Amino acid sequence: MIHEFFIQDFTWFFIYLIIVLSFNLAFGFTGMVNLGHMVSVGIGAYTSALLTLNGVPWYIALLAAGIIACVIGTIIAAITVRLKGDYFQIVTLGLIFIAIAVSRNWISLTRGALGLPGVPDIIRSNFYYMLFTMVLSLMALWFVYWLTNSETGKIFQAIRDDETATAILGKNTYFYKVLSLAISTFLAGIAGGLMVHQINFVDPSIFDLEQFIIILFMLIVGGLASIKGSILGVFLLFALIDLLRFLVVRPELIGPVRQMALLLILLLVLIYRPKGIFGKVDI
Amino acid sequence: MLSLWKVSKTSGVFEHTKNSLLEFFSVCKSFGGVKAVDGCTFSVGNNTITSLIGPNGAGKTTIFNIISGLTKPDYGKIKLLDSEITGLPAYKIAQAGISRTFQLTKVFRNMTIRDNLLIAKKASDGEMKSALARVHLHKPLDMAAGELSYGQQRLLEIARAVLREHKLLALDEPTAGVNPQIRQELKAILRGLKEKGNTVLLIEHDMEFVMNISDEVIVLNEGRVLKRGKPQDIVKDKEVLEAYLGK
Amino acid sequence: MPSILPQLIINGLIAGSIYALAAAGFALVYYVVKFQYFSHGAMIAAGAYFFFLFANVLGLSFAIAGILAIACTIIITLAVNYLVYLPLRKRKATSNVMLITSVVLLMFFSSLILALFGSSTKTLVLGSEGQIFDFGLFTITSLQAYIIFFAIALFFVLYLIMKKTRIGKAMRALADNKSVAQVVGINPERVYTYVFIISGAFAAVSGILVGLEQNLYPKMGVIIIIKGFISSVVGGLGSVPGSVIGGFFIGLIENVGVWYLPTGYKDLISFSVMILFLLLRPQGILGVKLRDDT
């Protein structure tokens, strides 16, 4: 029997793999620097938590997590994708703070800062839940691989490299950018649902920048527009966190030291190797 | 060859024969008060090579951007064959049959040569290779476009534009940054395209190149059409010389 | 009800001065060096904590602690420029990389402060508690009056630097056209150094004022720079005066908005205003022309 510790770790690994793959689809493959990716994850988590807490079966709740995140993501994308220059990045960064404000203050829905405890498990056994997340993340992996090698995926990448040139070749770049974000936010919402059934709890801190830094680390260190890179990025982060768990003795320092280590590595990668380990493109 | 054009200088009204492919009528565009294009009227004859020339700032690239839908004109009409394309988004104009290149090449740097061509047209490897061979670019299809030299990227861009189904090929300074040997080959390529029934609109600074291959030359100055005519007439024109030398 | 409006406006002016200070430092860097300088928030927090360290922990006098805090913040600002932003500029990193790097730096400094000072809120203890002036329609503390005064004085100094000094002229030349500025003999890196010195000083002063008005906590820099940044967008990204106006505008809107909405929605108000501006008037209040990337 595998040790409980590794079961937890692997479950997280698979959940984060879905998040990073979907992040990569928009950011690495389509060149849309969506700094609010965790907002979609959080929306998924809240959706699935609220539905299952109200007795909706988990499979409907999980699907709804993806759909709600996708609908909100698509509406936002449809409005913001046309913004020029850095403004898309800026608006998506702003979404993080809007999500925090809404989740803290819409108390009748989210219970504010108290969060939603007691979210039921999908599967009692942690081991089988790990297998379940594994199956879903393998499906996501296959899907993103297939998509990025399809004609649609090539158009995403063309938009990333040169949007004007893609339009000049007869492609409706607006449509494809919104499509990329719609797919990306759907997957993120599903991952959010999986996350909330893993920890049985969600509160506004899911939107915090600290959470975003984690997936940014995974994506950038692993490498943009590389599926191999995303797998490696998620793996490296968990390896690093487990390593730090043993190295840092004083418990109150684990949080900040872990955060600083992540940020320092991320900083060095951004300065000296912005493509990341397996990355193919500069952003 | 009969002259296709009779431009009335005063009113900007023009009569054209049924032979024109692209019509550009009284188009104006200003940027922050500066008139980049100031009531331009001209047309491009079917199956011709037409060159737009003029000093820097004459409005050539703006006209290209208007034709391809990247810039919306403030005023005027643009027609491709019988359909009006004024103000359509770039991708729709592209679908309507205008294929263009840019002064600063725009290839998809992180993608392979094959994928670059694939965005233009779902072509077979054989078709792609012959498209590349026509511009004398002999590189493996799996090579990343970003690894090509500047001149080679320009050739790839031309190959990509040619490969697309199109009615009008608009090339913005195809010879810039390309070595003299390929420059000569470009002439042959453009002539070959014309023989196959293509229509080409060029922006070009290399006068030898322009005079050698154009059927028609349109001289722009300060956003207006200064002169139009056959190359041999344009080189002798006093006004044209003044526009160039006066600067 | 309307009787509280004057108080809300005064509160808005106080918040506005703080936002405008943060926005000015951010906008100055954006205007001259041309990137989204989110790590300015980290420098604001650094200024506040340095002041806390010198004044409250080491017990130095307010003036000396203030000067030391400003000096230390400038040193850190310059160090970050040389260690992080300079290599990125040399590599001609894209605006995306610059933006992400500055957010990463912002988070890095907030974790560093968390590790050094702990998560508890710190209060800057003033010698005297300061007077409260009651004008009937509204009240204001002497400290709050100082904040507004300092902010306006600093903007005036910045204005003088930009308009009257040689280095200010060089900054404007660089902002306008880098290659032309280089042709006439301006060394961009030297001017950038001055920009970071000024922004560092601004950060320290804003940090101290924020620390006196509110409290110190590790993530204060994140919160402040977000507001400074919103102000800058609303006022006109790339315009220092615009950003200052934007700061007061956002301060007023947030505080007057509280009249209609629960306090928790303050953030929502400012973000919604920013997004509306981006969609409807991306050039901001002062109408700065949009940078064209094509």
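The model shown is predicted, which means the values in this text are computed figures rather than measured ones. In what follows, chains carry the letters A, B, and so on, assigned in the order in which the sequence lines appear, proteins first and then strands, with residues in each chain numbered from 1.
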(message) With a strict 4.5 Å heavy-atom criterion, list every residue of residues 102-109 of chain A that contacts chain C, or say none.
(response) Val102(A), Asn105(A), Trp106(A)
[X] versus [Y]: any side-chain heavy-atom pair under 4.5 Å?
X	Y	answer
Trp12(A)	Met195(A)	yes
Val29(C)	Lys34(C)	no
Phe23(A)	Met218(A)	no
Phe202(C)	Ile44(C)	no

Between side-chain atoms of residues 204-211 of chain A and protein atoms elsewhere (two or more places apart, or another chain), which donor-acceptor pairs fall under 3.5 Å?
from	atom 1	to	atom 2	distance (Å)
Ser205(A)	OG	Asp203(A)	OD1	2.6
Glu210(A)	OE1	Lys219(C)	NZ	3.3

Counting only non-hydrogen atoms closer than 4.5 Å, does [X] touch chain C with its backbone (N, CA, C, O), its side chain (CB onward), both, or neither?
X	answer
Leu35(A)	side chain
Val33(A)	side chain
Leu93(A)	side chain
Ile100(A)	neither
Ile98(A)	both
Ile271(A)	both
Phe27(A)	side chain

Let me know if [X] has heavy atoms under 4.5 Å from chain A in its side chain, its backbone, both or neither.
X	answer
Leu278(C)	both
Met107(C)	both
Leu83(C)	backbone
Phe35(C)	neither
Phe109(C)	neither
Ala115(C)	both

(message) If you apply the rule ring-ring contact (aromatic ring centres under 6.0 Å, His included), what do you find for Tyr37(C) with Tyr30(C), and how did you get there?
(response) CA-CA 6 Å; Tyr37(C) 182 51; Tyr30(C) 186 86; over 10 Å; no
(message) Tell me whether Phe238(A) at atom CZ has more than 12 heavy atoms from other residues, nucleotides or ligands lying less than 6.0 Å away.
(response) yes
(request) Tell me, please, whether Phe229(C) has Lys227(C) positioned over its six-membered ring: NZ or CZ under 6.0 Å from the ring centre and within 45 degrees of its axis? (result) no
Is there a donor-acceptor pair closer than 3.5 Å between any side-chain N or O of [X] and the backbone N or O of [Y]?
X	Y	answer
Arg160(A)	Gly28(A)	yes
Thr193(C)	Glu189(C)	yes
Ser226(A)	Gly223(A)	no

(request) Specify the closest pair of heavy atoms between Gly236(C) and Ser243(C), including all atoms of both residues, with the distance to one decimal. (result) O-OG, 4.1 Å
(request) Looking only at non-hydrogen atoms, find the nearest pair between Leu181(A) and Ala77(A) and report the distance. (result) CD1-CB, 3.5 Å
(request) Scan side-chain atoms only and decide if Asn24(A) and Ser230(A) contain a donor-acceptor pair under the 3.5 Å cut-off. (result) yes
(message) Side chains of Tyr176(A) and Thr30(A) only: does a donor on one sit below 3.5 Å from an acceptor on the other?
(response) no
(message) So, using side chain to side chain donor-acceptor pair (under 3.5 Å) as the criterion, who are the partners of Gln157(A) when residues are at least two apart?
(response) none
(request) Look at Ile230(C), Ile113(C), Ile226(C) and state which one has the largest set of heavy-atom pairs under 4.5 Å with chain A. (result) Ile226(C)
(message) Are there residues of residues 97-105 of chain C whose heavy atoms fall under 4.5 Å of chain A's heavy atoms? If so, which?
(response) Val97(C), Leu99(C), Ile100(C), Thr101(C), Val104(C), Leu105(C)
